[in-house]
There are 2 protein chains.
Amino acid sequence: MAGDRPRVAPPQDVALIGRSTQQRATVLAALVTAEGFVSARALYNRLLNGGSPVGLSTVYRTLTALAAADRADVVRDTNGERLFRYRPGPDHRHYLICTECGLSLPVDSGPVEKWAERIARTSEFANVRHTVELAGVCPDCGRRHVRAP
Amino acid sequence: MAGDRPRVAPPQDVALIGRSTQQRATVLAALVTAEGFVSARALYNRLLNGGSPVGLSTVYRTLTALAAADRADVVRDTNGERLFRYRPGPDHRHYLICTECGLSLPVDSGPVEKWAERIARTSEFANVRHTVELAGVCPDCGRRHVRAP
DNA sequence: GATTGATATGAAAATCATTTCCATCTAGCG
DNA sequence: CGCTAGATGGAAATGATTTTCATATCAATC
């Protein structure tokens, strides 16, 4: 798009995951700029092309640390690859993700939260976590395809 | 446990995924016998120890085919490993899985189904699928642990 | 601003689940 | 029985992620 300003990551976010380094700032900024979910490799390539190369291991390390610090959401695509997404706030959300372009829309997850909570409460299980993923093809990507009947 | 009888898979299930072979029957039987979700490798080892070795590739091929034929549920554990579970009927279910022992309990997923359907309908996305996973520690496994405060 | 010790980096090697290759075997039809 | 498309399995390939380890850098201290 024409009018998107480069969004930079709040510097304190870098500090959250340890020492504040050039590379971490770069990776974080790239993650913030990315609109949907991105894979570590995609981010790595993006940085390469953008002229700010960061080692692949460092990209992985940074993303993993961000996820551990609840600064990023993580999902797995169908191939088992992990996709990361910057999360400004600490709130727990669920997304509808386009399987073609990675575009993600936050969805109203109230009902699922309540449902998951009820299951957790009525079960004897401890420490119940839940993952919910909605995936489909977004309108733009859908238009790009001729669909066989 | 002492009193579990060996459950065998309905023979027609083997035919569902192509030609009926000894190996496929073996894998399917082992999957049916397994109580919770199992990984391909776990199943492979089980067959090795049980004296009915089947090639690892064949185990993978069979499980993948079963999943494709809606004869098995598939989830991913935290390490990205795929876990399979035999599903007798064609109905779509969700489970509460124990992260320690793989024990799985089917849960009432009506509300999530409705929710997912509504999101799918109101979004512009096509072909919306959903995955829902509830994971925790089952009572038995919970008792086995001393928990730090 | 130099010293320094803990931390971070990155290239290459290691790991690990899963897939593919391919020579060989076998259902199952005629 | 004989045939052939489909199935098998061990080894090699793949691909994402992690580890290793020698080197570089942060940031607190002198």
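Order of the sequence lines sets the chain letters (A, B, ...), proteins ahead of strands, with each chain counted from 1.
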What is the distance, rounded to the nearest whole Å, between atom [atom1] of [X] and atom [atom2] of [N]?
{"X": "Tyr60(B)", "N": "dC21(C)", "atom1": "OH", "atom2": "P", "answer": "18 Å"}
{"X": "Arg41(B)", "N": "dG9(D)", "atom1": "CZ", "atom2": "C1'", "answer": "14 Å"}
{"X": "Glu81(B)", "N": "dT15(C)", "atom1": "CD", "atom2": "C1'", "answer": "13 Å"}

Check: According to the interplanar angle, ranging from 0 to 90°, do the rings of Phe37(A) and Tyr95(A) count as parallel (below 30°), tilted (30 to 60°) or perpendicular (above 60°)?
Finding: perpendicular
Report yes or no: is there a donor-acceptor pair, N or O only, under 3.5 Å between the side chain of [X] and the base of [N]?
{"X": "Ser20(B)", "N": "dG28(C)", "result": "no"}
{"X": "Arg19(A)", "N": "dA27(D)", "result": "no"}
{"X": "Arg61(B)", "N": "dG6(D)", "result": "no"}

Next item on the list: Return the 5'-most residue of the pair Gln23(B), Thr64(A) with respect to DNA chain D, ranking by each residue's nearest nucleotide.
Entry: Gln23(B)
Base, sugar-phosphate, or nothing for [X], non-hydrogen atoms under 4.0 angstrom?
{"X": "Thr21(B)", "result": "sugar-phosphate"}
{"X": "Arg82(B)", "result": "sugar-phosphate"}
{"X": "Arg24(A)", "result": "sugar-phosphate"}

Next item on the list: Consider only side-chain heavy atoms of I, L, V, M, F, W and Y, link residues closer than 4.5 Å, and tell whether Ile97(B) and Val137(B) are in one cluster.
Entry: no
Check: Between Arg118(A) and Asp108(B), is there a salt bridge with N-O shorter than 4.0 Å?
Finding: yes
Next item on the list: Looking only at non-hydrogen atoms, find the nearest pair between Leu96(A) and Ala135(A) and report the distance.
Entry: CD1-N, 4.1 Å
